[in-house]
Amino acid sequence: MANKSRFGNLYLVIVFLVLYAPILYLMYYSFNSGGTMHEFEGFTLQYYKEVFADTRLIIIVINTLVIALLSSALATIIGIMGALAIHQMQNRRVKNTLLSLNNVLIVNPDVIIGASFLILFTMVGIKLGFYSVLLSHIAFSVPIAVIMILPRLQEMSPSLVDAARDLGASRLDVLTKVILPFIKPGIYAGFFMALTYSLDDFAVTFFVTGSGYSTLSVEIYSRARQGVSLSINALSTLIFLFTVLLVVGYYFIMRKANRNGKKEPAAEMGVPR
């Protein structure tokens with residue numbers, strides 16, 4: 001058992017080294033005054049200054065954050081409604097079919113989704129730009145929100161809803177004071193997962209962005225094609241640190257939600273006793 005444990009720990013260390021070594025290499029050379037990624041000549045913050053001095057890049061960062069926050073919030077709201085509809089479905093065959101269709105959208109290649117949206121927007125007449133990117137991000141984020149919220153609904157005891165109804169709670173009260181507080185960790189998880197996917201997405205966004213509008217992933221790809229520039233390293237480092245902050249924030253929010261979830265359900269959810 002001890003040998004297996006050591007082997008498992010060694011395997012994890014190797015996996016994390018393989019995953020994080022290129023990122024650390026990229027971050028290390030973002031401070032290189034030599035301008036290349038071959039030999040470190042000296043420490044400089046020049047490329048970070050270039051990033052913050054680039055007005056166009058700042059606008060693209062704002063565009064990316066607006067798209068990510070809006071699409072994640074709307075996708076989470078739609079995901080809550082979708083998860084509730086699937087959970088309350090009585091016909092098991094229809095329920096499994098809906099779950100399968102939802103999961104297919106998650107595993108479906110992004111290139112196919114992006115090309116499909118491009119064809120759809122062209123046929124409907126939606127101009128490529130902010131709205132096409134927003135609609136696309138909402139569409140591929142909804143299945144993620146559903147898959148994160150649904151397990152919390154399945155964990156909820158039906159007696160909580162029955163007790164609230166017996167005490168005279170309306171359907172709206174049951175939803176807002178019983179169901180939503182119980183599935184709050186799943187809602188947080190769905191929102192942060194959708195936010196991460198939106199910030200990270202390239203393939204779908206590449207198909208549906210028009211001229212004059214771009215997001216960070218598309219901009220980094222475009223700049224990388226023009227040649228190696230350490231400003232890309234600096235920008236990527238800032239994005240990585242921002243992602244780390246998101247993960248840390250998500251951890252503390254989930255920790256607080258789980259701690260509150262250990263309280264007495266009736267007292268926590270506002271169900272009269």
Partner set under salt bridge (charged side-chain N to carboxylate O under 4.0 Å, His left out) for Arg56, not counting sequence neighbours: Glu219
Between CG on residue Leu135 and CG on residue Leu74, distance to nearest 0.5 Å: 9.5 Å
Heavy-atom check, side chain of Leu57 versus side chain of Leu216, under 4.5 Å: yes
Leu118 and Leu128: CA distance, side-chain angles, deciding distance, side chain to side chain contact (heavy atoms under 4.5 Å, CB included) verdict: CA-CA 8 Å; Leu118 177 61; Leu128 298 183; 3.7 Å; yes
Working for side chain to side chain contact (heavy atoms under 4.5 Å, CB included), residues Ser136 and Thr205: CA-CA 8 Å; Ser136 302; Thr205 309; over 6 Å; no
More than 12 heavy atoms from other groups under 6.0 Å of OH on Tyr131: no
same_hphob_cluster(Tyr20, Tyr11) at 4.5 Å side-chain heavy-atom cutoff: yes
Contact list for residues 66-89, test ring pair (Phe, Tyr, Trp, His ring centres under 6.0 Å), sequence neighbours left out: none
Short side-chain to backbone donor-acceptor contact, Ser33 and Gly42, under 3.5 Å: yes
Nearest-0.5 Å distance that lies between atom CG in Asp200 and atom CG in Asp110: 9.0 Å
Any residue meeting ring-ring contact (aromatic ring centres under 6.0 Å, His included) with Tyr25, in chain and number order, not counting sequence neighbours: Tyr29
Minimum heavy-atom distance between Lys95 and Ile86, given as atom pair plus value: CE-O, 3.3 Å
Rounded distance [0.5 Å steps], CG in Leu175 versus OG in Ser170: 9.5 Å
Separation of Thr196 OG1 from Ile144 CD1 (nearest 0.5 Å): 9.0 Å
Over 12 non-hydrogen atoms of neighbours within 6.0 angstrom of CZ in Phe43: yes
Thr237 vs Tyr28, side chain to side chain contact (heavy atoms under 4.5 Å, CB included): CA-CA, chis, key distance, verdict: CA-CA 9 Å; Thr237 301; Tyr28 176 70; over 6 Å; no
Aromatic ring pairing Phe202/Phe206, orientation class (parallel under 30°, perpendicular over 60°, tilted between): tilted
Full working for side chain to side chain contact (heavy atoms under 4.5 Å, CB included) between Phe31 and Asn233: CA-CA 9 Å; Phe31 301 100; Asn233 293 40; over 6 Å; no
